[in-house]
Number of protein chains: 2
Amino acid sequence: MSRKSQELTRDDWVLAGLAALAEGGIESVRVERLAKRLNVSKGSFYWHFLDRSDLFSAMLDLWETDFTAQLIANVASLPTPRARLRALADEALEASMDGVDVAHAEGAFSAWAVLDPVAAARVRAIEAQRIGYLVSELSLMGAEATDAELLAKGVYLALLGVFTTRRYNPALAEDAVFRRVVDLALDAVERRR
Amino acid sequence: MSRKSQELTRDDWVLAGLAALAEGGIESVRVERLAKRLNVSKGSFYWHFLDRSDLFSAMLDLWETDFTAQLIANVASLPTPRARLRALADEALEASMDGVDVAHAEGAFSAWAVLDPVAAARVRAIEAQRIGYLVSELSLMGAEATDAELLAKGVYLALLGVFTTRRYNPALAEDAVFRRVVDLALDAVERRR
DNA sequence: CCAAGTCCATACGTTACCGTATTGATGAAC
DNA sequence: GTTCATCAATACGGTAACGTATGGACTTGG
């Protein structure tokens, strides 16, 4: 067996970091814990990364490129805005990638952004994209510009609520609840035409 | 000046803890930091509390009794469910008590509940009360039982989204957004009658 | 085959905490 | 005014981290 197969890549660390983030929040992604989890010493970590915040940046990078953009791309082929938005809702509720629970991670990213200005800027940018997409779809459906924005943000806030609540109060975060909110918004747009 | 006026009470520590929680999350409420903030040594802390988790319990107690129950009581005198729910929405968006920003603290409590099973149980109980109240008011307005629950939870999730988002992406958490969600729910109920 | 590069282990110094133990100060009660 | 209870300061030992420094070990190119 070649040595290469056992050596860790930067991305291995990043994925472990994301898993730890999803599991226990940003405070729980600690280099010595990750090292233990990866059965390796932290000497390895400081080979791949400058320091802990370097890992944080990499986590934000991977999140933005591999996870976030993907979601929107996945539904682009559907025919109507309504179908795309519903599919997006389903996707948001169920996603999981590379062993990282996306919903848990989403909540953890928000919580992280509250505490860390660097993360905040990145998360804000990602959310701006998402809201922008929702607004454009709602506009396609005939919503007025200002109302499309209110509705898009409202739905997204509910989704964030789902993400954070899932972990400690799942009765509150049932899928049906979020779907009802989505319906509320979609119906509001269609009724107005 | 009597000595009493300078000595700290248990509640002084608890309020400081809540302020720290609102500011930097549960991981940032540390006894030596609070001591510094209160211009006192941690010898004082361990006089008033058994240990750090004892402070945590006290924080949850104060939150439940002095903060949460208050909100609902404040609107009880209003005439109609619709008026009460709207007033509640306003209150939730603006509250601040004893130098603690309630909205920030709310978000921090949710984030805390994600990480700590003890906090989770308490927060769940509080949220059950809140949802119960919302459901009963929506039912009074004529909503069907199952839909009242969906709507109540949906609105509450959006509020949680507001609380966590306020800190890092205020453009997302505008009051108008949440009010729009509330209107969506109220209109849905009234349209069905 | 050896020299350079790549990747990791180990040991170290440092910081920030937790919780305990002991002592000190101050007001109140007698 | 002595004594007691209340509250706080200080000093201590212990743990979990961070980041550095240094020394392997394995791999690949010349």
Side-chain angles (χ1 to χ4, degrees), chain A residues 1-62 108 111-112 115-119, chain B residues 1-62 108 111-112 115-119:
Chain A
M1 175 164 337
S2 94
R3 180 184 171 188
K4 274 269 162 65
S5 68
Q6 314 204 30
E7 283 169 359
L8 294 176
T9 72
R10 219 177 125 93
D11 276 357
D12 290 329
W13 285 97
V14 175
L15 283 178
L18 288 175
L21 174 70
E23 176 64 26
I26 193 63
E27 290 290 340
S28 87
V29 1
R30 313 226 149 240
V31 345
E32 295 186 76
R33 286 189 216 174
L34 294 181
K36 188 165 245 173
R37 189 150 159 171
L38 294 171
N39 288 314
V40 96
S41 80
K42 65 183 182 168
S44 169
F45 178 87
Y46 286 100
W47 171 258
H48 292 287
F49 299 90
L50 208 64
D51 57 17
R52 187 161 164 255
S53 74
D54 189 21
L55 170 65
F56 289 173
S57 297
M59 287 166 59
L60 288 163
D61 289 342
L62 191 69
W112 180 13
L115 304 178
D116 175 3
V118 175
Chain B
M1 170 160 348
S2 94
R3 180 186 172 190
K4 275 270 161 66
S5 68
Q6 313 204 32
E7 283 169 1
L8 295 175
T9 71
R10 219 177 126 92
D11 276 358
D12 290 330
W13 284 97
V14 174
L15 283 178
L18 288 174
L21 173 70
E23 176 65 26
I26 194 61
E27 291 290 340
S28 86
V29 1
R30 312 228 149 237
V31 344
E32 293 184 75
R33 284 190 219 173
L34 294 180
K36 188 165 243 172
R37 189 149 158 173
L38 294 170
N39 287 313
V40 95
S41 80
K42 65 181 182 168
S44 169
F45 177 87
Y46 286 99
W47 171 258
H48 292 286
F49 299 90
L50 208 65
D51 57 16
R52 188 162 163 253
S53 73
D54 189 22
L55 171 66
F56 288 173
S57 297
M59 286 166 58
L60 288 163
D61 289 342
L62 190 70
W112 181 13
L115 304 178
D116 175 3
V118 175

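Naming convention: chains lettered A, B, ... in sequence-line order (proteins, then strands); numbering from 1 in each chain. Computed from a predicted model, the values in this text were never measured in an experiment.
Residues satisfying the side chain to side chain donor-acceptor pair (under 3.5 Å) criterion with S57(B), sequence neighbours excluded, are absent altogether. With sequence neighbours excluded, no residue forms a side chain to side chain donor-acceptor pair (under 3.5 Å) with S41(A).
Rounding to the nearest 0.5 Å places CH2 of W112(B) at 4.5 Å from CE of M59(B).
Evaluation of the ring pair (Phe, Tyr, Trp, His ring centres under 6.0 Å) test over residues 14-46 of chain A, restricted to residues two or more places apart or in two chains, returns W13(A)-F45(A), F45(A)-F49(A). For residues 9-21 of chain B, the salt bridge (Lys or Arg N to Asp or Glu O under 4.0 Å) pairs, not counting sequence neighbours, are R10(B)-D54(B).
Counting to the nearest Å, the P atom of dA9(D) and the CG atom of L38(B) are 11 Å from each other. At whole-Å resolution of the value, CG in L8(B) and C1' in dA9(D) are 13 Å apart. In this structure, E7(B) places its CD atom 12 Å from C1' of dA28(C), rounding to the nearest Å. What separates CG of L55(A) from P of dC18(D) is a distance of 10 Å, to the nearest Å. Rounding to whole angstrom units, CZ of residue F49(A) and P of dC18(D) are separated by 13 Å. For W47(B) and dT26(C), the CH2 to C1' distance is 13 Å, given to the nearest whole Å. A straight line from NZ of K36(B) to P of dA8(D) spans 18 Å, rounded to a whole angstrom. Going from atom CZ of R10(B) over to atom P of dA8(D) covers 13 Å, rounded to whole Å.
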Solution key, residues 19-38 of chain B side-chain donor-acceptor pairs under 3.5 Å, sequence neighbours excluded:
unit_1, atom_1, unit_2, atom_2, d
E27(B), OE1, R30(B), NH2, 3.0
S28(B), OG, A20(B), O, 3.3
S28(B), OG, G24(B), O, 3.4
S28(B), OG, G25(B), O, 3.0
R30(B), NE, E27(B), O, 2.8
R30(B), NH2, E27(B), O, 3.4

Kindly give the atom pairs (protein nitrogen or oxygen, nucleotide nitrogen or oxygen) under 3.5 Å for nucleotides 17-20 of chain C.
unit_1, atom_1, unit_2, atom_2, d
dC17(C), OP1, R33(B), NE, 2.5
dC17(C), OP1, R33(B), NH2, 2.5
dC18(C), OP1, V31(B), N, 3.1
dC18(C), OP1, R52(B), NE, 3.4
dC18(C), OP2, V31(B), N, 3.2
dC18(C), OP2, E32(B), N, 3.2
dC18(C), N4, K42(B), NZ, 3.1
dG19(C), OP2, Y46(B), OH, 2.9
dG19(C), OP2, R52(B), N, 3.1
dG19(C), N7, K42(B), NZ, 3.0
dG19(C), O6, K42(B), NZ, 2.3

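For H48(A), the side-chain atoms get nearest to dC7(C) when compared with the rest of dA8(D), dA9(C), dC7(C).
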